[in-house]
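Nothing fancy with the numbering, it's 1 onward along the sequence. Because the structure is predicted, anything quoted here is derived from the model rather than measured.
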Amino acid sequence: AAIAWVVDQTVSVFTYQTDNARVIHRGQSFVLIQGWRMDGSAMAIHEQGRRGPLVVDVATQQASEVPEFGAALAGGVLLR
């Protein structure tokens, strides 16, 4: 299990039962966390100025654009 937060344009994650807090995404503008994948392996974030959300893999820190979600993803659980 983990918790995530945003400070300025940086998304960080802390994993419970460890002393590990790390940056998983550095944005170019305002960033908002929109939801988590059910298994906790990725999160959807919105970065101001992009057409759709990004899905960020928590383990690899790789961000992928998901334009088909558009503004429809308003929070909660990301199912894919």
Side-chain angles (χ1 to χ4, degrees):
I3 59 171
W5 65 93
V6 176
V7 175
D8 297 323
Q9 301 158 341
T10 303
V11 181
S12 300
V13 172
F14 171 77
T15 304
Y16 289 115
Q17 300 179 350
T18 71
D19 59 355
N20 186 13
R22 60 196 170 87
V23 172
I24 64 163
H25 181 75
R26 293 185 195 277
Q28 301 296 314
S29 60
F30 176 78
V31 176
L32 175 70
I33 298 171
Q34 292 186 295
W36 284 86
R37 187 172 284 155
M38 289 179 67
D39 64 2
S41 64
M43 71 176 61
I45 63 170
H46 173 78
E47 190 172 321
Q48 187 176 3
R50 291 189 178 268
R51 282 191 279 170
L54 296 171
V55 174
V56 180
D57 185 291
V58 173
T60 65
Q61 303 172 7
Q62 190 72 22
S64 303
E65 291 190 7
V66 190
E68 65 266 21
F69 280 141
L73 183 61
V77 176
L78 179 64
L79 297 176
R80 31 175 181 155

### Task
Please list, chain by chain and in numerical order, all residues satisfying side-chain contact (heavy atoms from CB on, under 4.5 Å) with Asp8, sequence neighbours excluded.
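Partners of Asp8 under the side-chain contact (heavy atoms from CB on, under 4.5 Å) test: none.
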#### Entry: Partner residues of Asp39 under the side-chain contact (heavy atoms from CB on, under 4.5 Å) criterion, sequence neighbours left out
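Per chain and number, Asp39 pairs via side-chain contact (heavy atoms from CB on, under 4.5 Å) with Arg37, Ser41.
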### Contact check, side chains of His25 and Glu47, non-hydrogen atoms, under 4.5 Å
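Yes; the side chains approach each other to less than 4.5 Å.
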Using every non-hydrogen atom in the two residues, find where [X] and [Y] come nearest and quote the distance to one decimal.
| X | Y | answer |
| --- | --- | --- |
| Ala4 | Met43 | CB-CE, 3.5 Å |
| Trp5 | Val13 | CZ3-C, 3.9 Å |
| Asn20 | Thr18 | N-OG1, 3.1 Å |

#### Entry: Reported CD-to-CD distance for the pair Gln9 and Gln28, which is rounded to 0.5 angstrom
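Rounded to the nearest 0.5 Å, the CD-CD separation comes to 7.5 Å.
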### Task
List, by chain and number, the other hydrophobic cluster members for Phe30, where Ile, Leu, Val, Met, Phe, Trp and Tyr join if side-chain heavy atoms come within less than 4.5 Å, directly or indirectly.
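The other cluster members (ILVMFWY side chains, heavy atoms under 4.5 Å, direct or chained) are Leu32.
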Show me, pair by pair, the donor-acceptor contacts under 3.5 angstrom made by side chains of residues 53-64, not counting sequence neighbours?
from, atom 1, to, atom 2, distance (Å)
Asp57, OD1, Ala59, N, 2.9
Asp57, OD1, Thr60, N, 2.9
Asp57, OD1, Thr60, OG1, 3.3
Thr60, OG1, Gln62, N, 3.3
Gln61, NE2, Val23, O, 3.2

